[in-house]
Number of protein chains: 2
Amino acid sequence: MSFNIPKSDKKRVIIVGGGFGGLKLANKLKRSNFQVVLVDKNNYHQFPPLVYQVASSGMEPSSISFPFRKIFQKRKDFYFRMAEVRAIFPEMNMIQTSIGKAEYDYLVFAAGTTTNFFGNEHIEDEAMPMKTVSEAMGLRNALLSNIERSITCSTDKERQELLNIVIVGGGATGVEIAGVLSEMKRFVLPHDYPDMPSSLMHIYLIEAGPRLLPGMSTESSEKAEQFLREMGVNILLNKKVVDYKDHKVILEDGSEIATRTFIWVSGVTAIPVGNLSPTLLGRGRRIKVDEFNRVEGMNNVFAIGDQCIQTSDKDYPNGHPQLAQVAIQQGKLLAENLKRIEKSKSLKPFHYRNLGSMATVGRNRAVAEFSKIKMQGWFAWVMWLVVHLRSILGVRNKVVVLLNWIWNYLTYDQSLRMIVYAKKAKEVREREALEAKTHLGNDILHPDNK
Amino acid sequence: MSFNIPKSDKKRVIIVGGGFGGLKLANKLKRSNFQVVLVDKNNYHQFPPLVYQVASSGMEPSSISFPFRKIFQKRKDFYFRMAEVRAIFPEMNMIQTSIGKAEYDYLVFAAGTTTNFFGNEHIEDEAMPMKTVSEAMGLRNALLSNIERSITCSTDKERQELLNIVIVGGGATGVEIAGVLSEMKRFVLPHDYPDMPSSLMHIYLIEAGPRLLPGMSTESSEKAEQFLREMGVNILLNKKVVDYKDHKVILEDGSEIATRTFIWVSGVTAIPVGNLSPTLLGRGRRIKVDEFNRVEGMNNVFAIGDQCIQTSDKDYPNGHPQLAQVAIQQGKLLAENLKRIEKSKSLKPFHYRNLGSMATVGRNRAVAEFSKIKMQGWFAWVMWLVVHLRSILGVRNKVVVLLNWIWNYLTYDQSLRMIVYAKKAKEVREREALEAKTHLGNDILHPDNK
């Protein structure tokens with residue numbers, strides 16, 4: 001296999017990852033003098049801020065994802081390749097991927113992060129993360145299947161395990177999924193399961209630190225906590241989850257909570273690049289970059305967004321928060337800097353412009369902060385809707401999401417609660433197994449080797 | 001595990017399967033003097049006539065499926081149970097299912113059919129069927145993944161295998177998927193894959209009999225064939241597929257067609273009921289029933305729709321065609337007959353009223369027959385749209401499907417071409433394995449045994 005990309009007079013930029021940062025960079029390189037190659041393990045861009053609404057059956061995956069090939073239809077000298085990057089050989093300007101090797105003039109890592117299980121294998125094996133559309137669909141299916149089985153299981157113990165929901169991690173995702181599940185409990189369960197008292201369902205939100213939304217002000221944290229408590233969520237602060245055994249979440253203080261719906265949104269770690277030296281990595285496995293997002297010691301290799309850490313920004317000496325806005329702004333600046341390199345101009349250093357942050361808790365309830373302005377409640381919720389609707393890619397998706405929200409708001413009830421798994425064809429299973437094997441191996445030294 | 005359904009003064013009707021027939025029956029028993037229990041292996045009703053549009057990325061699964069619990073919200077003395085039926089013990093008025101046993105006063109089999117691979121294990125293992133939403137999603141993912149890989153594969157041979165599509169079975173489903181894929185080739189591929197000549201994609205439709213749409217008039221068959229040939233589909237009639245090996249479909253005459261997208265819509269066989277005596281089964285494993293849809297030799301056990309065969313209808317001495325309309329009409333009549341039994345009235349025999357049949361081939365192209373009226377082309381296509389839109393459950397789904405169709409018609413292009421698999425949680429995998437094991441076993445004799 002090979003990348004099969006035609007040679008061009010233009011210099012080639014390979015972008016690894018089509019999240020917020022990579023996509024912005026690719027877009028900004030439009031009509032530039034570069035050949036752009038976007039590599040992503042999925043064939044679509046996804047919109048993480050709304051993944052929790054997919055998990056709660058409030059929205060379809062297709063409303064918050066968009067095929068790359070459709071985004072870049074009609075784009076000249078642009079190539080999309082569905083692959084995972086395994087290794088980098090900077091001395092050869094080459095990467096090794098699941099579908100073969102590829103040469104670059106400039107390489108940009110923008111692959112983001114994955115869920116951090118802090119090395120606990122039980123938790124990794126059993127917990128349900130919620131970073132991707134695929135994981136959200138898995139969580140939705142498991143949640144519905146657990147409720148379905150709670151009706152017919154043999155013992156009260158098993159019933160309680162099936163109906164308890166434990167969410168670990170009090171960041172924005174944890175707060176949002178706790179909120180939306182408590183609304184599902186209140187507005188949907190009594191109608192769908194008239195013979196099961198919805199009071200049997202308990203939702204726990206566990207945070208290791210002293211407050212929810214640690215990235216926001218204490219005011220927002222307190223308001224979010226208050227909203228969630230009013231909505232019936234059991235909030236446990238300063239509690240650390242250390243294990244999961246026999247359908248029980250085990251806390252550091254020895255206490256246990258029985259559950260079979262164990263949601264893990266407790267932290268992230270950067271997507272690894274196989275052979276990148278550990279000395280190049282900082283906190284959370286993030287790739288260390290200079291003020292131009294250049295990887296230390298390399299001239300033509302960059303990293304942007306959640307996958308990198310930049311300590312040169314004077315307001316953020318410990319690195320930027322891992323937020324969409326940082327990635328977008330870095331992608332935008334890097335596009336400009338790449339053009340400047342070609343024109344032998346000096347590069348512009350990155351400074352993050354904080355546009356604010358927000359989290360929604362439920363109907364009419366959100367918290368938002370824009371520099372010195374803090375908002376809570378209905379107005380923050382409307383702001384949240386507007387900001388997120390604006391950011392979603394594509395007119396069709398915007399319309400669908402808006403109609404969905406209006407429908408949900410008026411009816412309190414979507415009809416997306418189907419448990420569906422796509423049946424994986426043998427051809428696809430075999431190919432996946434094959435591509436999983438294409439690792440560092442020798443083939444990089446033998447260009448004609450498949 | 002147990003069904004966990006409260007005892008009631010009313011007699012209990014258990015309906016196995018919530019397709020067209022089972023759903024109509026359950027609906028018509030509303031406000032009757034029965035306790036109704038609907039058992040289905042999925043938690044949603046699906047609409048098979050549009051499954052091919054899910055496979056071709058033209059529509060989301062949620063547009064053509066509807067959760068049972070939502071359909072029956074507010075319905076009194078109604079219970080849904082997600083389970084598969086394993087066996088029947090008529091002498092005890094009891095069924096054994098994947099989640100335990102259940103007693104009935106009346107039992108109705110309405111589980112429909114599954115794909116028939118005619119005993120060929122290679123084909124069953126490798127071919128992609130397209131009867132369910134789950135299979136359609138699997139086919140969509142495989143198709144997109146194959147096209148994606150055709151760009152980067154190593155050899156021309158592999159490229160051709162990845163781009164050839166072979167559809168086996170020239171019934172309505174085969175005709176419809178062939179048509180919609182040829183439109184995808186024409187309207188979508190050139191934009192999504194500008195560096196791959198779409199002329200490399202070949203679509204084959206293979207039918208063992210002498211004509212397409214054998215259930216319709218020769219006039220409709222010829223027109224459908226003409227439409228498809230104009231759209232560039234390679235139609236092979238009188239050709240029987242006997243095997244699939246090394247990415248090649250093998251025909252009875254020894255010829256071969258290389259493909260890794262091997263779609264099998266060649267026939268169906270009724271869903272089996274574990275211990276039902278083979279003497280009770282007719283052609284295609286269908287359960288033999290009398291003119292009241294009563295299973296032979298049983299007083300309170302019925303079968304309706306595709307899962308049964310009824311030879312008492314004088315116009316259909318070899319059994320009815322396996323169509324939605326037959327199932328719907330049988331479900332409706334059975335609801336009436338069950339009420340008549342309770343009132344000790346005589347039963348009404350079933351006569352199928354043929355409302356016509358239709359198949360769509362592509363944009364503005366369909367064939368339709370209503371008693372003596374035969375239509376082809378644009379008008380038939382509009383009829384097809386109206387009839388199918390009317391039949392889809394729920395206002396929201398109707399609106400979504402209509403908007404989808406309008407959008408598709410105007411833009412020639414949906415943005416649903418994401419390759420997504422829901423990540424299956426360990427809890428769910430373990431439970432599925434457990435439920436797969438609950439078979440005939442002894443536990444039926446020990447009511448307290450889990």
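These figures come from a predicted structure and were not determined experimentally. Lettering of chains follows the sequences in order, A, B, ..., and the numbering in each one begins at 1.
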Under 4.5 Å to a heavy atom of chain A? For B/L143 that would be neither
Is chain A contacted by the side chain of B/D125, its backbone, both, or neither, given a heavy-atom distance below 4.5 Å? both
Would you mind telling me which of A/A142, A/A425, A/S145 has the largest number of heavy-atom pairs within less than 4.5 Å of chain B? A/S145
Would you name the heavy atoms of B/I419 and A/N43 that are closest together and state the gap between them? N-OD1, 2.9 Å
Name the region of B/V420, side chain, backbone, both or neither, that has any atom closer than 4.5 Å to a heavy atom of chain A. both
Do you know which of B/E126, B/R260, B/M128 makes side chain to side chain contact (heavy atoms under 4.5 Å, CB included) with A/K426? B/E126
Which atoms of A/I71 approach chain B - backbone, side chain, both or neither, heavy atom under 4.5 Å: neither
Between atom NE2 of B/H191 and atom NZ of A/K70, what is the distance when rounded to the nearest 0.5 Å? 9.5 Å
Measure distances from B/F68 to the heavy atoms of chain A and classify the residue's part below 4.5 Å as side chain, backbone, both or neither. neither
Tell me, for A/R75 versus chain B, whether the close heavy atoms (under 4.5 Å) come from the side chain, the backbone, both or neither. neither
Ignoring hydrogens and geometry, is there a side-chain-to-backbone donor-acceptor pair from A/S134 to B/Y421 under 3.5 Å? yes
Considering only heavy atoms and a distance below 4.5 Å, find which of B/F262, B/Y79, B/F66, B/Y193 pairs most often with chain A. B/Y193
Counting heavy-atom pairs under 4.5 Å with chain A, which one of B/L139, B/V428, B/L144, B/D192 comes out on top? B/D192
Heavy-atom pairs under 4.5 Å with chain B: which of A/N141, A/V133, A/D195, A/N42 has the most? A/D195
Can you measure from CE (B/M137) to NZ (A/K423) and round to the nearest 0.5 angstrom? 14.5 Å
Given a strict heavy-atom distance threshold of 4.5 Å, which part of A/M82 is in contact with chain B: side chain, backbone, both, or neither? both
Within the side chain of B/N4, is there an N or O that forms a donor-acceptor pair under 3.5 Å with the backbone of A/I151? yes
Charged N-O contact under 4.0 Å between B/R149 and A/E435: yes
Pairs of heavy atoms under 4.5 Å with chain B: top-ranked of A/V399, A/I5, A/T132, A/L416: A/L416
Do the side chains of B/R431 and A/E148 get close enough for a salt bridge, i.e. N-O under 4.0 angstrom? no
Portion of B/E427 that has a non-hydrogen atom of chain A nearer than 4.5 angstrom: side chain
Applying a strict 4.5 Å limit to non-hydrogen atoms, the region of A/E60 in contact with chain B is side chain
Quick one: what part of A/P6 sits under 4.5 Å from any heavy atom of chain B, side chain, backbone, both or neither? neither
Contacting region of B/L403 [heavy-atom separation from chain A under 4.5 Å]: side chain
